[in-house]
Amino acid sequence: MTKPLSSAPPPPRIDHAEDTLQPVAAVLACLIPGAGHAYLGDIRRGVLIFTGVLGLFFGGILVGGIDVVDRREDFIWFLGQALVGPIALATDNYHQNHLKVIGPAPGPEGRNHPILRSAHPYEVRDPRTGHEIQVRDERSGAPLEFTDPATGNHRMSTPMDRPPNVKSIGRPNELGTLMGTIAGMMNLICIIDAGLHRARRSRGGKGGW
Amino acid sequence: MSLALLLLLGQDASMPLRRPFLDPMDLHGAIWLGGWTLLVPLALGIAIIYKAVRVPEAEHRPEGKGWWSVYCRQTFILAVQIIASMIALAAAAYLFVEVYVRWIQDRAP
């Protein structure tokens with residue numbers, strides 16, 4: 001007597017014949033993580049993607065500071081971070097135009113060649129001009145007198161006078177940059193999935209969660 | 001805000017108050033293990049996003065299993081796999097550099 005064949009059901013085959021291009025979903029996914037899937041009716045997938053991508057991106061900024069998003073100093077890594085969408089571009093724009101200072105370049109001739117850079121620990125930023133103002137001696141850390149850009153008064157610096165942000169180095173910088181770039185790369189997967197995706201249910205239909 | 005919570009958020013007790021999202025965290029505290037414990041949220045984030053697009057709909061799921069139960073289980077398994085793989089890679093790199101290369105160095109003329 002022959003042994004009966006296994007009664008286990010065959011593995012499910014997912015038919016991709018109905019997959020169609022979803023350009024609107026792809027564009028929405030590029031703008032807001034998860035929006036493409038939400039447009040296609042998958043609200044819960046959209047919420048999970050939104051939470052995961054932005055959680056990784058802002059988690060990276062929490063670990064390494066806003067210095068981890070920098071298109072000028074870390075361009076290759078920024079290419080990955082930019083895949084998160086306009087949020088990453090806006091974060092970098094804020095970092096470049098509202099936190100960095102215009103200060104002398106390194107070297108003896110640095111005063112003649114100002115560059116856009118992160119403020120040093122002994123500097124503050126003039127919000128009107130974007131230039132650096134030295135408030136402490138760079139060697140001893142002793143407070144110096146300076147003209148407060150907010151009030152126009154000449155006063156001695158205090159510990160509350162500090163740069164707009166602290167430049168991150170070492171492990172926090174590595175981890176923060178990596179988390180942001182991975183968020184962008186994972187969002188790329190979600191953009192492709194939304195763009196090459198058949199609608200699972202019609203818009204406004206039942207379900208989605 | 002209590003000192004314990006500040007230390008948990010990466011605040012160095014000897015420095016001015018750290019500004020979240022502007023200043024980097026201080027990962028020298030014991031709870032961070034120099035940053036290695038951050039591998040857990042990184043792996044979870046990757047798993048959450050990846051499984052959000054990969055968990056199939058009802059017609060392709062095991063019978064009787066809800067979408068959320070399948071999703072949570074697969075996400076947890078993937079996160080554990082990522083962490084275990086990273087640990088294994090680190091162990092392999094350590095063995096290669098600290099054991100094998102040293103052994104070759106000792107035997108070199």
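In the text below, chain A, chain B and the rest are named by the order of the sequence lines, each starting its count at 1.
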Trainee: Tell me the residues of residues 42-50 of chain B whose non-hydrogen atoms fall below 4.5 Å from those of chain A, in number order.
Mentor: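 Expected list: B:Leu42, B:Gly45, B:Ile46, B:Ile48, B:Ile49, B:Tyr50.
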Trainee: With heavy-atom distances below 4.5 Å as the criterion, would you say the side chains of B:Pro20 and A:Leu62 are in contact?
Mentor: yes
Trainee: Is A:Leu175 in contact with chain B via its backbone, its side chain, both, or neither, using a 4.5 Å heavy-atom distance?
Mentor: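 When you check distances to chain B, only side chain atoms of A:Leu175 fall under 4.5 Å.
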Trainee: Atom CG in B:Leu27, atom CG in A:Asn173: separation rounded to 0.5 Å?
Mentor: 11.0 Å
Trainee: Is a side-chain N or O of A:Arg45 found less than 3.5 angstrom from the main chain of B:Val55, in a donor-acceptor match?
Mentor: yes
Trainee: For the candidates A:Pro172, A:Cys190, A:Gly176, which exhibits the highest count of non-hydrogen atom pairs separated by less than 4.5 Å from chain B?
Mentor: A:Pro172
Trainee: Do you know the tightest heavy-atom contact between B:Ala52 and A:Ile49?
Mentor: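 Answer, listing the atom of B:Ala52 first, then A:Ile49: CB-CG1, 4.0 Å.
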Trainee: Taking side chain to side chain donor-acceptor pair (under 3.5 Å) as the test, write out the residues that go with B:Ser69, two or more places apart.
Mentor: none
Trainee: Would the number of heavy atoms belonging to other residues, nucleotides or ligands and lying under 6.0 Å from CD1 of A:Ile32 be above 12?
Mentor: no
Trainee: Rounded to the nearest 0.5 Å, how far does CG of B:Leu17 lie from CE of A:Met160?
Mentor: 8.0 Å
Trainee: Please round to the nearest 0.5 Å and tell me the distance separating atom CG of B:Leu38 and atom CE of A:Met179.
Mentor: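 With rounding to 0.5 Å, CG (B:Leu38) is 6.5 Å from CE (A:Met179).
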Trainee: Using non-hydrogen atoms and a 4.5 Å limit, figure out which bit of A:Phe58 sits close to chain B: side chain, backbone, both or neither.
Mentor: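 Both parts, backbone and side chain.
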Trainee: Side chains of B:Arg19 and A:Val166: closer than 4.5 Å at any heavy-atom pair?
Mentor: yes
Trainee: Under 4.5 Å heavy-atom distance to chain B, tell me which part of A:Pro164 shows up: side chain, backbone, both or neither.
Mentor: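 Backbone of A:Pro164 only, per the 4.5 Å heavy-atom cut-off to chain B.
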Trainee: Give me the atom names and distance for the closest heavy-atom approach of A:Gly64 to B:Pro24.
Mentor: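 Here A:Gly64 and B:Pro24 meet closest at O-CB, 3.6 Å.
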Trainee: Heavy atoms only: give me the nearest A:Ile61-B:Phe21 pair and the separation to one decimal.
Mentor: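 In this case the closest contact between A:Ile61 and B:Phe21 is CG2-O, 3.5 Å.
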Trainee: With a 4.5 angstrom heavy-atom cut-off, which part of A:Leu99 approaches chain B: side chain, backbone, both or neither?
Mentor: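 Interface part for A:Leu99: side chain.
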Trainee: Taking atom CD1 of A:Ile102 as the centre, report whether more than 12 heavy atoms of other residues, nucleotides or ligands fall under 6.0 Å from it.
Mentor: yes
Trainee: Taking the side chain as everything from C-beta on, heavy atoms only, tell me whether B:Val53 gets closer than 4.5 Å to A:His37.
Mentor: yes
Trainee: Does atom CZ of A:Phe50 have more than 12 heavy-atom neighbours from other groups under 6.0 Å away?
Mentor: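 Atom CZ in A:Phe50 is not packed in, count stays at 12 or less.
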Trainee: Hey, is CZ on A:Arg155 packed in by over 12 heavy atoms from elsewhere, all under 6.0 Å?
Mentor: yes
Trainee: If you round to the nearest 0.5 Å, how far is OG1 of B:Thr75 from CG of A:Leu48?
Mentor: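 Taking CG in A:Leu48 and OG1 in B:Thr75, the distance rounds to 7.5 Å.
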